[in-house]
Amino acid sequence: MKIDTTTVLSLLSTVALLLIAYITSLRLLPRAARKIRVLYIWHLFDALTHFIFEGSFLWNCFCVYSTSSRIAPTSGLLSTLRSALTSAVPGDPAAKSPFLPPTRLWQEYARADRRWGGVDLTVVSLELLTVCVAGPMALWICEMLRRREVRGEGMGRRVGSGKVWFWMVVLATGELYGGFMTFAPEWLSGSPNLDTSNFMYTWVYLFFFNTLWVWFPLWVLFEAYQNINGAFAQTSGLARQHEKLT
């Protein structure tokens, strides 16, 4: 595989998002414990990826279209999905409405998964959820983590931290489900849209970047179980002590 400038810039842009999340954590959570910092960095990186990477994909789907398309128009809800009907690509002289710079990111990823090179309605449906629901939820989790650190409450096994863990469980479960629904149809149909012909596409684009949204959510669920279970145990212990005193 030839690694061109677009490939390098795409990989560097991903690293840049991670650095932004890390630097932001140092600025807003200067004295946070390592686990809290990792949780903050992950959720901020998650939100930035959804807004910038997948947000630009949705922008292209709904706002960019080409007058050179030969696809016949349809009626109903699909008629509002302009790219599904006209399938514009970056550089198309007939494209209407500007492409966002991050568009090059998912166009690069489309080399490994062709569904990102056009408009796959399953992918669009899932990305609507990630951009409009998962992204804001990840930011809200970051803000809750920040507020607890400012108040000096931390994220130990306390009853008060259950709210943060609850929303992290909701988000992590959604991320895992979204990943399954993204790739399960491909696997069941023989992966016609996936290009596994070289190392970069298979192990970097498809495996590494996608399994990030498997390992981290699984870790979050494990930590949430430990802390929520600890909070219940603490509450039960306090209740037993109160009964002995009364």
I need the Trp203 CH2 to Thr211 OG1 distance, nearest 0.5 Å.
9.5 Å
Check the pair Phe53 / Thr14 against side-chain contact (heavy atoms from CB on, under 4.5 Å), numbers first and verdict last.
CA-CA 9 Å; Phe53 184 84; Thr14 304; over 6 Å; no
Identify whether Tyr205 and Leu9 are in the same connected component of the hydrophobic contact network (ILVMFWY, side-chain heavy atoms under 4.5 Å).
no
Closest contact, heavy atoms only, Leu58 versus Glu127
CD1-O, 3.5 Å
Could you tell me which non-hydrogen atom of Leu44 sits nearest to which non-hydrogen atom of Cys142, and how far apart they are?
N-SG, 3.4 Å
Say you draw a straight line from CH2 of Trp165 to CG of Asn229; how long is it, rounded to the nearest 0.5 Å?
13.0 Å
Assess the residue pair Asp46 and Phe216 against the criterion (side-chain contact (heavy atoms from CB on, under 4.5 Å)); give the C-alpha distance rounded to whole Å, side-chain angles, the decisive distance to 0.1 Å, and a yes or no.
CA-CA 10 Å; Asp46 184 35; Phe216 273 97; over 6 Å; no
Count the heavy atoms of every other residue, nucleotide or ligand shown that sit under 6.0 Å from CH2 of Trp219, and state whether that count exceeds 12.
yes
How long is the straight-line distance from CG of Leu39 back to OG of Ser25, given to the nearest 0.5 Å?
11.5 Å
Check whether Tyr201 and Phe199 end up in the same hydrophobic cluster, where Ile, Leu, Val, Met, Phe, Trp and Tyr are linked by side-chain heavy atoms less than 4.5 Å apart.
yes
Please lay out, stage by stage, how Trp215 and Trp42 fare under the test ring pair (Phe, Tyr, Trp, His ring centres under 6.0 Å).
CA-CA 11 Å; Trp215 310 129; Trp42 163 248; over 10 Å; no
Could you report the tightest heavy-atom contact between Gly135 and His50, atom names first, then the distance?
N-CD2, 4.0 Å
Leu212-Phe207 co-clustered via ILVMFWY side chain contacts under 4.5 Å
yes
Which distance, rounded to the nearest 0.5 Å, do you find between the CE of Met137 and the CE of Met168?
12.5 Å
Just so I know, are the side chains of Asp120 and Val124 near enough to count as touching, which here means a heavy-atom distance under 4.5 Å?
no
Under a 3.5 Å threshold, yes or no: a donor from one side chain and an acceptor from the other, between Asn193 and Trp116?
no
Side chain to side chain contact (heavy atoms under 4.5 Å, CB included) partners of Ala32, counting only residues at least two apart:
Leu29, Ile36, Arg37, Glu149
May I ask you to list the residues sharing a hydrophobic cluster with Met181, side-chain cutoff 4.5 Å, ordered by chain and number?
Leu126, Tyr177, Phe180
For Leu18, all residues meeting side chain to side chain contact (heavy atoms under 4.5 Å, CB included), sequence neighbours excluded
Ile41, Phe45
Would you say Thr49 and Glu54 are linked by a side-chain donor-acceptor pair, where the criterion is simply a distance under 3.5 Å?
no
Indicate the atoms forming the closest heavy-atom contact of Thr182 with Gly178, along with that distance.
OG1-O, 2.7 Å
May I ask whether Ile228 and Tyr225 are part of the same hydrophobic cluster, defined by side-chain heavy atoms of I, L, V, M, F, W, Y residues being less than 4.5 angstrom apart, directly or through others?
no
I need the minimum non-hydrogen distance between Ser13 and Ser10, along with the two atoms involved.
OG-O, 2.6 Å
With sequence neighbours excluded, residues passing ring-ring contact (aromatic ring centres under 6.0 Å, His included) with Phe51
none
Going by the rule salt bridge (Lys or Arg N to Asp or Glu O under 4.0 Å), which residues pair with Glu223 if we only count those two or more places apart in sequence or in a different chain?
Lys35
Who are the salt bridge (Lys or Arg N to Asp or Glu O under 4.0 Å) partners of Asp113, not counting sequence neighbours?
Arg115
Please report the closest heavy-atom contact between Asn210 and Leu206, naming both atoms and the distance.
ND2-O, 2.8 Å
Just so I know, are the side chains of Leu11 and Glu108 near enough to count as touching, which here means a heavy-atom distance under 4.5 Å?
no
Distance check, rounded to the nearest 0.5 Å: Arg114 atom CZ versus Ser191 atom OG?
10.0 Å
Is it true that Leu28 and Ile20 fall in one hydrophobic cluster, defined by side-chain heavy atoms closer than 4.5 Å?
yes
For atom CZ of Phe183, decide whether the heavy atoms of other residues, nucleotides or ligands shown that lie under 6.0 angstrom number more than 12.
yes
Rounded to the nearest 0.5 Å, how far apart are OH of Tyr40 and CD of Glu143?
7.5 Å
